[in-house]
Q: 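Please read through the structure below; I'll follow up with questions.
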Amino acid sequence: MTETSHSHEPILSIDGLYKSFGPVTAVDHVSLDIRKNEFFALLGPSGCGKTTLLRMLAGFETPTGGRILLEGKDISALPPERRPLNLMFQSYALFPHMTVAKNLAYGLEMDRLPKDEIARRIEEIMAVTDLAQFAGRKPDQLSGGQRQRVALARALVKRPKVLLLDEPLGALDKKLRERMQLELKRLQHEVGITFIIVTHDQEEALVMADRMAILKDGKLLQCGSPEEVYETPADRFVANFIGVMNFIEGTVSQDGHFVAESLNIKVSTEIRGLATLAVRPENITVTAGGAGCEGKIVDMAYHGLDRVLHVRIAASETPLQVRVPANAAVPHTIGDTIHVAIDPDRTRLFKN
Ligand code: ADP
Ligand code: MG
């Protein structure tokens with residue numbers, strides 16, 4: 001296994017992929033290119049079709065329509081065992097009566113690889129996944145995180161071209177999950193295999209992915225790097241789903257300026273009529289001397305590095321969330337009247 005750099009060459013092309021279960025459309029004409037060696041995340045709320053999409057890639061579900069191309073070759077009709085893709089199940093599915101080493105060897109023995117090749121591969125993957133010391137243990141003698149690593153090692157030892165992971169960290173507690181997020185990323189880098197990971201956790205996707213796709217009701221809403229999706233969400237759903245976003249309803253004037261009650265902001269747009277301005281908490285500042293828009297602090301939350309002020313303004317029913325450094329020189333308290341300014345260049349406008 002060698003470390004290879006990213007390329008824009010797609011390893012996997014998903015072309016108009018479609019799946020319906022009777023009246024339910026689980027995956028709705030999704031087209032996507034996954035690049036070689038990238039860590040790609042499929043993100044969306046429960047029921048949006050993530051698992052169905054992954055199962056079609058792995059060959060466990062037959063598409064109703066569309067094609068799956070691996071390195072340019074249509075693999076849509078191949079059975080799972082003939083696809084150079086490996087799906088790691090959420091439930092790990094380890095053999096309880098076998099040691100870690102035996103669990104890892106199983107798939108390779110089934111493939112009738114020579115004994116010394118099997119031994120070599122197992123040693124190599126145990127080193128990469130930090131499992132050497134557990135080689136002789138059985139799954140019930142391991143912690144949740146260690147079991148997860150065994151499942152991962154077992155999927156990787158077969159050297160698939162693409163590893164598919166369906167909510168791989170879902171069963172772990174928060175602390176361990178955060179550690180495994182970084183570990184997975186390191187591992188992916190080390191083995192140089194393309195990873196496609198499914199998650200419903202937007203933070204997890206932002207932390208791990210080189211690029212991500214956001215799905216809703218089976219439809220692909222946006223595909224891009226975490227930065228692109230966070231900074232320029234394609235629509236209101238994505239804007240709301242990724243990170244924290246404030247929404248302010250308003251109208252666009254004849255000359256193309258967004259107007260909302262006493263907001264005092266200059267944003268020009270091609271949109272006409274009713275519109276919604278979206279702005280992140282970190283793109284609003286508390287101003288001195290009455291510049292910007294007046295508001296009243298109705299709530300405050302301390303997050304260590306920063307503080308989030310909930311500020312009621314005339315233009316919005318929901319208080320604005322404003323992120324300020326926790327050590328800000330001017331201390332604020334609930335009930336204070338302050339002024340806030342929105343950075344017009346860091347806003348998005350959506351047509352209502
Ligand atoms: P996710 O993994 O994003 O939570 P799924 O792919 O599991 O979503 O499901 C997408 C939709 O397809 C849901 O409405 C689900 O109920 C439906 N679905 C999934 N599998 C089946 C099936 N085997 N039979 C009928 N409906 C299914
Ligand atoms: Mg699922």
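For ligands, and for the atoms within them, numbers begin at 1 and follow the listed sequence.
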Q: Closer than 4.0 Å and a protein heavy atom, does any atom meet both conditions relative to atom 18 (N) of ligand 1?
A: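 Yes, there is a protein heavy atom closer to it than 4.0 Å.
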Q: Pick whichever of Gly218, Gly22, Gly47 has a heavy atom sitting closest to atom 11 (C) of ligand 1.
A: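 Heavy atom nearest to atom 11 (C) of ligand 1 belongs to Gly47.
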Q: Is the closest basic N to carboxylate O distance between Glu190 and Arg186 below 4.0 Å?
A: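 Looking at Arg186 together with Glu190, the answer is yes, because their closest N to O distance falls below 4.0 Å.
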Q: With a 4.0 Å cut-off on N to O distance, would you call Glu117 and Arg120 a salt bridge?
A: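 Between Arg120 and Glu117 there is a salt bridge, with a charged N closer than 4.0 Å to a carboxylate O.
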Q: Does the protein put a heavy atom less than 4.0 Å from atom 15 (C) of ligand 1?
A: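 No, no protein heavy atom sits under 4.0 Å from atom 15 (C) of ligand 1.
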Q: Does the shortest distance from the Mg ion (ligand 2) to an N/O/S atom of Thr51 fall below 2.8 Å?
A: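 Within the cut-off used here (under 2.8 Å), Thr51 does place an N, O or S atom near the Mg ion (ligand 2).
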Q: Whether Arg147 engages the ring of Phe134 as a cation-pi pair (distance to the six-membered ring centre under 6.0 angstrom, angle to the ring normal within 45°) should be assessed.
A: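 No cation-pi geometry.
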Q: May I ask you to identify the nearest protein heavy atom to atom 23 (N) of ligand 1, giving residue, atom name and distance to one decimal place in Å?
A: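 Ranked first by proximity to atom 23 (N) of ligand 1 is Phe21 CE2, 3.5 Å.
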Q: Charged N to carboxylate O below 4.0 Å: is that the case for Glu231 and Arg348?
A: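 Answer for the salt bridge query: no.
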Q: Among all protein heavy atoms, pick the one closest to atom 9 (O) of ligand 1 and tell me residue, atom and distance.
A: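 Heavy-atom neighbour on the protein nearest atom 9 (O) of ligand 1: Thr52 OG1, 3.9 Å.
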Q: Just to confirm my output: which protein heavy-atom neighbour is closest to atom 12 (O) of ligand 1, and how far is it?
A: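 Protein heavy atom at minimum distance: Ala26 CB, 3.3 Å.
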Q: Taking both backbone and side-chain atoms of Val24, is any N or O found less than 3.5 Å from an N or O belonging to ligand 1?
A: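 No, no N or O pair falls under 3.5 Å.
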Q: Determine, for Arg159 against Glu124, whether the closest basic-nitrogen to carboxylate-oxygen distance falls under 4.0 angstrom.
A: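 A salt bridge links Arg159 with Glu124.
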Q: Is there a heavy atom in Gly44 that sits closer than 4.0 Å to ligand 1?
A: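 No.
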Q: Would you call Arg236 and Glu249 a salt bridge, using N to O less than 4.0 angstrom?
A: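 Answer for the salt bridge query: yes.
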